[in-house]
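Below: one structure, written as structure tokens.
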Amino acid sequence: MLELQNISRRFGATQAVSGVSLKVPAGQMVGVIGRSGAGKSTLLRMINRLTEPSEGRILHDGVDVTALRGQGLRDWRTRCGMIFQQFNLVQRLDVLTNVLVGRLNHRPGMLGTVATLFKHFPAEERAMALMALDRFDLADQALQRADTLSGGQQQRVAIARALMQESRIILADEPIASLDPRNARTVMDALRDVNRRDGITVLCNLHHLDTAREYCTRVIAMQGGRMMFDGPPEGLTAARLREIYGVSEAEFNAQSAVEHAPRATAEAPAA
Amino acid sequence: MRPDAQTVTQWQARLPAAFGPGRATRALRWVAGAAFLLWLGWSFWLFDITPARLWNGLEGLATILRLMVPPSPGELWLDILKGMAESVAMAFLGTFLAALLAVPLGFLGARNIVTVTLLRFSVRRLFDGIRGVDQLIWALAYVRAVGLGPLAGVLAIFTSDLAVLAKLYAEAIENAEKRQSEGVMASGGGRLHALRFGVLPQVLPVMLAQALYFFESNTRSAAILGVVGAGGIGLQIAERIKVRHWDEVAFIILLMVLTVAAIDTLSGALRRRLIGRREAAIT
């Protein structure tokens with residue numbers, strides 16, 4: 001059970017997330033929807049502690065995650081894998097090594113660190129990585145460089161990396177916003193698969209209500225840093241949606257699609 | 001999720017390359033590593049590098065360091081300041097002129113700009129030739145040609161930097177993204193427009209950063225140029241080393257460190273101002 005208690009985050013004068021409280025039982029697949037700037041990303045990043053909350057606590061199975069430091073924090077991050085909009089794979093490394101990154105925290109101590117720094121992974125872990133890749137039809141690409149893969153393939157490599165962490169939770173921050181519809185489907189299917197087969201809790205930021213309806217049993221709607229709705233997707237009726245966002249669903253989807261349009265991956269030096 | 005031994009063997013059979021280097025490769029690596037170490041040891045032996053010699057050298061260094069404390073400007077401190085100013089001026093003039101002229105030469109040497117292979121090839125080989133001769137050699141030659149003084153130093157910095165900067169600029173231009181100039185061409189721009197609007201904004205930050213770095217580095221190397229009579233602070237250092245006024249040498253070294261730090265700070269600020277901010281369009 002993951003529990004957020006009155007969690008808030010300020011960036012300077014902006015209140016990105018304010019007073020969100022939430023309980024997520026293990027094994028749920030939760031969709032978080034909202035416009036760009038609604039605080040969805042900040043919320044997920046706070047759970048992984050990539051962003052520190054200004055106020056509030058996060059508990060996982062009774063452990064106060066917000067108080068963790070050092071090795072404890074690294075262990076927590078291993079337990080909740082993160083999936084990013086831009087995949088965040090190491091482009092110049094091969095796919096297999098990218099997946100093995102998920103094992104870096106599994107060998108404790110100085111010797112373990114040294115071994116991993118020299119890319120020494122036991123055959124068992126390598127086979128495990130290949131199995132994880134094979135599950136998403138990517139075993140044949142294992143020795144290619146990550147940047148030779150399509151966006152959808154890269155995102156599934158990222159999910160394989162999270163599987164290697166043997167995490168209990170996967171936080172997916174706009175996992176399909178940079179993908180075309182067909183690739184978006186394969187990635188969402190992969191997330192559903194790890195949720196159903198491995199019982200991993202999935203928290204997924206989405207900008208399309210249809211996707212949330214199709215894949216998630218529970219939807220959270222954010223607006224202006226606040227949680228405006230929490231319940232089954234059927235509860236998010238047209239009237240409720242208009243109440244929260246002031247627009248119809250079609251308009252909401254259209255606006256979000258523009259806001260979340262994929263950014264250019266390689267940004268030229270300021271020109 | 002965790003594989004049993006049988007699954008591991010299956011995968012090893014299916015994708016052996018995924019399980020790291022094979023036994024032969026690993027043996028070869030050990031042999032290559034051992035050979036390298038042997039070669040390294042041999043070159044130590046060749047130059048008679050022994051712990052005893054290093055230790056004695058350290059003692060000599062310690063003596064010099066003791067003589068350096070406390071640093072003192074000496075009586076001729078005005079000459080030192082003048083020499084420092086001269087060094088900075090030499091470095092600035094030489095680098096500035098070299099950086100300016102290296103821009104057109106860089107374009108001439110870039111594969112994606114000059115498609116005439118013979119022309120590009122000769123330009124690149126010319127850079128290589130000039131680069132093959134060290135700055136100090138140029139300084140010695142120029143001292144003979146134009147006489148002692150800062151002019152020889154400026155010319156030496158200019159010549160050697162021109163070749164290096166032109167090569168670096170040419171590489172930056174070759175790495176420029178094609179799509180941006182394609183956009184300019186597609187809007188009806190000519191080839192010169194494509195260079196001016198499609199390529200130059202991409203490479204200018206790199207060029208500026210490199211020129212600034214060279215200016216800083218040349219201020220340091222101007223010290224050496226003075227030793228061979230090409231003007232600047234180096235002459236002051238050389239004279240004081242000859243008469244073993246190490247405390248004054250220490251003062252000059254401190255002055256140089258401060259000057260280089262100041263230049264570094266200034267060029268950092270300039271770089272941020274010109275290319276750091278996203279909203280500020282350049283050129």
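To find a chain, count down the sequence lines: A is the first, B the second, and so on, and within it residues start at 1. Nothing here was measured: the structure is a model prediction, and the numbers come from that model. Scope of the values below: all heavy atoms of this structure, side chains included, with no hydrogens, waters or symmetry mates.
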Check each atom of A/Leu130 against the heavy atoms of chain B and say whether the ones under 4.5 Å are side chain, backbone, both or neither.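 Its backbone and side chain both get close to chain B.
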
Within a 6.0 Å radius of atom [atom1] on [X], are there more than 12 heavy atoms belonging to other residues, nucleotides or ligands?
{"X": "B/Arg125", "atom1": "CZ", "answer": "yes"}
{"X": "B/Gln6", "atom1": "CD", "answer": "no"}
{"X": "B/Leu40", "atom1": "CG", "answer": "yes"}
{"X": "B/Arg191", "atom1": "CZ", "answer": "no"}
{"X": "B/Leu192", "atom1": "CG", "answer": "no"}
{"X": "B/Phe121", "atom1": "CZ", "answer": "no"}

Checking an interface table here. Which of residues 140-150 of chain A come within a heavy-atom distance under 4.5 Å of chain B? A/Asp140, A/Ala142, A/Leu143

Going from CD on A/Glu125 to CZ on B/Phe19, what distance comes out if it is rounded to the nearest 0.5 angstrom? 11.5 Å

Chain A: which of B/Ala176, B/Ala5, B/Gly20 shares the most heavy-atom pairs with it under 4.5 Å?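 Option with the top pair count is B/Gly20.
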
Give, as side chain, backbone, both or neither, the part of B/Gln12 having an atom under 4.5 angstrom from any heavy atom of chain A. side chain

Taking only residues two or more places apart in sequence or in another chain, which ones pass ring-ring contact (aromatic ring centres under 6.0 Å, His included) with B/Tyr169? none

Tell me, do B/Trp11 and A/Met131 make a side-chain contact under 4.5 Å, heavy atoms counted?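 In contact.
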
